[in-house]
Amino acid sequence: MISIIINILNEADVIDKTLTSLFNQTYKYIEIIVVNDGSTDNLDNIIKPWLEKITYIKFDKNKGRQVARNTGIAASKGEYLFVCDAD
């Protein structure tokens with residue numbers, strides 16, 4: 001299985017398209033972990049329809065890209081890791 005880590009900060013406008021693209025890949029053995037690094041936009045509302053398919057981790061305030069990425073990696077269960085930007 002491949003774990004795909006997406007750390008995101010105030011990019012609610014692109015995450016739906018990103019997740020759609022990832023789930024439309026031919027390789028289906030994936031786990032997607034989205035780490036919200038303290039977004040202040042409407043990311044929580046945009047991500048709601050995806051919650052049954054992804055792991056969603058939310059920080060109350062911005063902790064930085066590396067902390068978000070490392071948190072996602074620590075939560076992953078895959079044999080391989082792929083880091084993907086939200087856009």
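For the single chain, residues carry numbers from 1 onward in sequence order.
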Practice prompt. I would like to know whether Tyr56 and Leu43 meet side chain to side chain contact (heavy atoms under 4.5 Å, CB included); could you show each step before the answer?
Written response: CA-CA 11 Å; Tyr56 183 58; Leu43 179 62; 3.9 Å; yes
Worksheet item: Do any N or O atoms from the side chain of Asn10 and from the backbone of Thr40 form a donor-acceptor pair under 3.5 angstrom?
Response: yes
Discussion item. Do the side chains of Arg69 and Asp37 get close enough for a salt bridge, i.e. N-O under 4.0 angstrom?
Written reply: no
Worksheet, complete the sentence: Only one of Ile33, Ile5, Asn36, Val34 passes side-chain contact (heavy atoms from CB on, under 4.5 Å) with Ile57, and that residue is Ile33
Worksheet item: Is there a side-chain contact between Ile6 and Ile15, using heavy atoms and a 4.5 Å cut-off?
Response: yes
Worksheet item: What is the minimum heavy-atom distance between Cys84 and Thr18, and which atoms define it?
Response: SG-CG2, 4.3 Å
Worksheet entry | Positive for side-chain contact (heavy atoms from CB on, under 4.5 Å) with Leu19, one of Ile47, Ile46, Asn24 | Ile47
Worksheet item: Are the side chains of Gln25 and Ile30 in touch, meaning some heavy atoms are under 4.5 Å apart?
Response: no
Discussion item. Please tell me whether Ile8 and Leu51 are part of a single hydrophobic cluster in this structure, the criterion being side-chain heavy atoms less than 4.5 Å apart.
Written reply: yes
Discussion item. Test of understanding: clusters of I, L, V, M, F, W, Y form through side-chain heavy atoms closer than 4.5 Å, transitively. Do Val83 and Val14 belong to the same one?
Written reply: no
Practice prompt. Without swapping roles, check the side chain of Lys53 against the backbone of Glu31 for a donor-acceptor pair under 3.5 Å.
Written response: no
Worksheet item: Sub-3.5 Å donor-acceptor pair from the side chain of Asn42 to the main-chain atoms of Asn45, do we have one?
Response: no
Worksheet item: Would you find more than 12 non-hydrogen atoms of other residues, nucleotides or ligands less than 6.0 Å from Lys48 atom NZ?
Response: no
Discussion item. Heavy-atom count check: over 12 atoms from other residues, nucleotides or ligands less than 6.0 Å from Tyr80 OH?
Written reply: no
Discussion item. Rounded to the nearest 0.5 Å, what separates atom OG in Ser39 from atom CG in Asn7?
Written reply: 10.0 Å
Worksheet item: Can you hop from Ile32 to Leu81 via hydrophobic side chains spaced under 4.5 Å?
Response: no
Item to complete: Apply side chain to side chain contact (heavy atoms under 4.5 Å, CB included) to Ile54 and Phe23, showing your working.
Response: CA-CA 10 Å; Ile54 66 168; Phe23 280 110; 4.0 Å; yes
Discussion item. Does any part of the side chain of Asp85, heavy atoms only, come nearer than 4.5 Å to the side chain of Arg65, both counted from C-beta?
Written reply: yes
Worksheet item: Taking atom OH of Tyr29 as the centre, does the number of heavy atoms from other residues, nucleotides or ligands within less than 6.0 Å exceed 12?
Response: no
Worksheet item: Do you know the tightest heavy-atom contact between Ser76 and Ser3?
Response: CB-OG, 3.4 Å
Worksheet item: Out of curiosity, Trp50 CH2 to Leu22 CG, how far, rounded to the nearest 0.5 Å?
Response: 8.5 Å
Practice prompt. Kindly say whether Val67 contributes a backbone atom to a donor-acceptor pair with the side chain of Thr71 at under 3.5 angstrom?
Written response: yes
